[in-house]
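This chain uses plain numbering: 1 for the first residue, then up along the sequence. In each ligand, atom 1 is the first atom listed, and ligand 1 is the first ligand listed.
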Amino acid sequence: MKENIIIFDTTLRDGEQSLPYSLNSYKKLKIAILLEKLGVDIIEAGFPISSPEDFKSVELISKTIKKSKVCSLARCIKNDIDISANAMRFYKYNSFRIHLFIGTSDLHIKYKLKKDFKDILEMSIKSVIRAKKYTDDIEFSCEDAGRTNIDNLCFIIENVIKNGATTINIPDTVGYTMPLEFSKIIKKILNRVPNIDKAKLSVHFHNDLGMASGNAITSIQYGARQIEGTISGIGERSGNTALEEVIMAINTRNDILNFKTNINIKKIYDTSKKISEICNFSISPNKPIIGSNAFSHSSGIHQDGILKNRKNYEIISPESIGSKKQNFNLTSRSGRAAIKFYMKNMGYSEKLYDLNKLYKNFIKLTDIQGRIFEYDLESLAFTKNFYKESKYFKLINLEILYKYNIENKILINLKIGKNNKKKIISNNKNIIYSIFNLLKKISKIKMKLKNFISKSKIYKKNIIIEVNVFAIYKNMKFYGNKISSNFIESYILSLISILNSIRKYKNIKKIKKY
Ligand code: KIV
Ligand code: ZN
């Protein structure tokens, strides 16, 4: 029988405390609802003593959440515990959890708390007894356990369990320990604490040395039954254990990890995307499981291998976590197999085009634009000299007149075709849509604005602004990407590049598909 691993999510507490600005209670509630739908067992909703808004968030979340258990954090201080319990007073579906913590390493005791171990033991016991007045579900964390003397660690655990702690959490607060080293700590706790069977053993890692997920998996193999972490691993410094990594490791390596969780893995992708949007926290492309590159294949050998059998290079299917299908990056590293695959997907049989010629032109175009998209392939296959950059639409001049609260005028001077020159004037405050609509009108191309991303950086005292625009034309996605020192210029140049791509695409000889 598979043993259940309790998933304790601390995105709203350890994760949120690491963001450059705090989330308001409504954003936190939105995240809690997503976590509940994902199926996490326990939601650590916040640290109510830390601010009135955090108190409000815990209150709001415990009023709303039904299926997951709600938990809130408290130091081993009477007022913290009372306020923590008060914030969860509306939670009626189950007993709420109070999560107590105190530093137990010599370093924390001496330099942070300026006390001795005897004081820490006394504060811990008193706090468990106080929390017990409010709930029978008490988690006790020995902060910096990874660097705590093992005798002290076992002694304090034994005593807090004796007084009513029901979950014992062993945090590696500074991400210092190695998996084998941590497994020895777990083993010693299980062998030396006589009443350990009266409590659940939990682990909590930080990722300073990149060991968080590895440590979490090793810990469950050695007897821990609760894992704490956050969605996408957000948290102090290099973050906490990324829950999606541990959950998918259990799921993927069930041959050696005989465990299960209550997580609905199909919701992982969507949940992480929504949470990162709410937190305004971008997920790095190579982040395991949820990064935009996690299911992309770039090299020709890999793309060919995937097409022959996805298992060649894919240990998890993107569909299993609710992500879109696996995709290929079409670059100079791609081979004929990927090109054929995309052409087939667009409905073109190999009889309709010359694969070798298409591949040769494809490589030429990668030299110009780095990455190739579906519409480029189609155009390359059926239009002569497509790989040459089109300058049909060209920006000749741009004037931007801006007077604070008085005038906002943009004059665009455009060349269309060989001799045709056109002037466009935008004096709408909504410059993104206004410029888009004017260019759409003048080009007679019925495209729709799909997405707009702008990034800026300072390079050698110059500001560089990159704009990426995504437009839809006849159900195809077209991309424009330009860089300049002016935001409006980058935007207009990106749009002009899209217009040129669409025009080339429109000129493809109408080929009968399958
Ligand atoms: O990292 C840590 O020690 C913590 C505790 C409060 C559990 O976050
Ligand atoms: Zn932590």
For atom 5 (C) of ligand 1, closest protein heavy-atom neighbour: Arg13 NH2, 3.9 Å
Going by chain and residue number, what protein N/O/S atoms come nearer than 2.8 Å to the Zn ion (ligand 2)? Asp14 OD2, His204 NE2, His206 NE2
Ligand 1 atoms in contact with Ser141 (distance to a heavy atom under 4.0 Å): 7 (C)
Would you please indicate yes or no on a ring centroid separation below 6.0 angstrom for Phe140 and Phe101? no
Taking NZ in Lys273 as the centre, count heavy atoms belonging to other residues, nucleotides or ligands within less than 6.0 Å. Is the count above 12? no
Do the side chains of Ile102 and Met123 get nearer than 4.5 Å, heavy atoms only? yes
When you measure from atom 4 (C) of ligand 1 to every protein heavy atom, which one gives the shortest distance, and what is it? His204 NE2, 3.5 Å
For residues Glu59 and Phe90, determine if any side-chain heavy atom of one lies less than 4.5 Å from a side-chain heavy atom of the other. yes
Closest to atom 3 (O) of ligand 1 among protein heavy atoms sits Thr173 OG1, 2.6 Å
Is the shortest distance from a Lys or Arg side-chain nitrogen in Arg97 or Glu139 to a carboxylate oxygen in the other one below 4.0 Å? yes
Could an N or O of ligand 1 be found under 3.5 Å from any N or O of His206, whether backbone or side chain? yes
Any donor-acceptor N/O pair, Ser62 side chain to Ala87 backbone, under 3.5 Å: yes
Between Glu143 and ligand 1, does any nitrogen or oxygen pair lie at a separation below 3.5 Å? no
Between Phe470 and Phe478, ring centroids under 6.0 Å: no
Does atom OH (Tyr313) have a neighbourhood of more than 12 heavy atoms from anything else shown, all under 6.0 Å? yes
For Phe182 together with Phe205, are the ring centres under 6.0 Å from each other? yes
Any idea which atoms of ligand 1 are less than 4.0 Å away from a heavy-atom of Phe101? 6 (C)
Short N or O distance, Glu228 and ligand 1, threshold 3.5 Å exclusive: no
